[in-house]
Chemist: 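Okay, here's the structure, questions in a sec.
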Amino acid sequence: MSQSRIEGEYYFRKKEMVAGFNFSADGKFEFFFSYGAVDRSAAGTFIIEGDTLKLKSDKEPGKDFTVTEQTSQGSGYTITFDHPNKYLLDNIRCVFYINGEQREIFTDNKGIVIADIPHCDSIYVQHELFPDIFTLIKDKNNTNNTFKVTLNPSLEKVSFKGIDFKIVSDSMLTCFHNYFMPLEDIEFTKE
């Protein structure tokens with residue numbers, strides 16, 4: 001199957017959500033997504049393997065947050081997020097891994113998480129409004145328990161890591177529900 005077979009524009013619409021791809025003959029794509037107050041985008045390259053469309057976004061996955069400061073003090077864990085748009089400090093999911101088990105805690109409206117956990121192996125974070133691959137902020141070798149974290153501009157982009165599309169026909173692409181679009185029956189139709 002040649003890449004020009006999917007050349008053109010494909011759209012997905014469901015109630016207040018709209019998303020679209022533009023695939024070019026030179027193996028590049030552009031993507032947009034809009035749902036309520038959330039707008040996202042991506043650009044990159046694609047390849048076709050059999051009936052599977054694989055996207056490689058320009059965005060590097062797992063880099064939506066940066067630890068700007070970390071220390072070891074007191075007990076438990078404190079994570080403080082910072083961004084000029086204070087609205088974005090709410091809805092950040094922090095996943096603490098403790099001996100293979102996970103515990104999730106969400107930020108308050110000030111962007112703070114306080115976890116009364118004596119020890120955890122690792123901490124990952126993901127924004128609920130802009131979900132993508134989780135960002136690791138503490139690994140098992142890091143003994144710090146207080147973190148200041150900033151939201152990176154990449155947050156609004158989509159990496160498509162781990163999301164493949166099935167080419168159903170010349171005019172339809174589908175994919176399974178995923179971290180980015182947790183919906184059933186995701187069908188992008190050529191227009």
Chemist: Answer whether the closest heavy-atom distance between the side chains of Ile123 and Val95 falls below 4.5 Å.
Modeler: no

Chemist: In terms of side-chain heavy atoms, does Lys63 have a donor or acceptor partner in Thr135 at a distance below 3.5 Å?
Modeler: no

Chemist: Under the salt bridge (Lys or Arg N to Asp or Glu O under 4.0 Å) rule, what do Glu49 and Lys54 come out as? Steps first, then yes or no, please.
Modeler: CA-CA 8 Å; Glu49 294 177 356; Lys54 296 184 176 222; 3.6 Å; yes

Chemist: Does any non-hydrogen side-chain atom of Asp90 lie less than 4.5 Å from one of Leu88?
Modeler: no

Chemist: Quick one, Lys59 with Asp132, criterion salt bridge (Lys or Arg N to Asp or Glu O under 4.0 Å). Give me CA distance, side-chain angles, the key distance, then yes/no.
Modeler: CA-CA 10 Å; Lys59 174 185 178 172; Asp132 208 281; 3.6 Å; yes

Chemist: Would you say His127 and Leu151 make side-chain contact, with heavy atoms under 4.5 Å?
Modeler: yes

Chemist: Could you check whether Tyr11 and Glu191, counting side-chain N and O atoms only, form a donor-acceptor pair closer than 3.5 Å?
Modeler: no

Chemist: State, without any angle test, whether Asn152 and Thr66 hold a side-chain donor-acceptor pair at a distance under 3.5 Å.
Modeler: yes

Chemist: Indicate the ring-plane relationship of Phe160 and Phe21, choosing parallel, tilted or perpendicular according to the 30° and 60° boundaries.
Modeler: tilted

Chemist: Please list, one pair per line, the donor and acceptor atoms closer than 3.5 Å that link side chains of residues 27-39 to other protein atoms, with sequence neighbours excluded.
Modeler:
from  : atom 1 : to    : atom 2 : distance (Å)
Ser34 : OG     : Asp39 : OD1    : 2.8

Chemist: Should Val113 and Val67 be counted in the same cluster of Ile, Leu, Val, Met, Phe, Trp and Tyr side chains packed under 4.5 Å apart?
Modeler: yes

Chemist: May I ask whether Phe106 and Ile137 are part of the same hydrophobic cluster, defined by side-chain heavy atoms of I, L, V, M, F, W, Y residues being less than 4.5 angstrom apart, directly or through others?
Modeler: no

Chemist: Quick check, are the ring centers of Phe23 and Tyr10 under 6.0 angstrom apart?
Modeler: yes

Chemist: Just by distance, with hydrogens left out, do Asn144 and Gln70 show a side-chain donor and acceptor under 3.5 Å apart?
Modeler: yes

Chemist: Tell me, yes or no, whether the heavy-atom count around Tyr124 atom OH, taken from other residues, nucleotides or ligands under 6.0 Å, exceeds 12.
Modeler: no

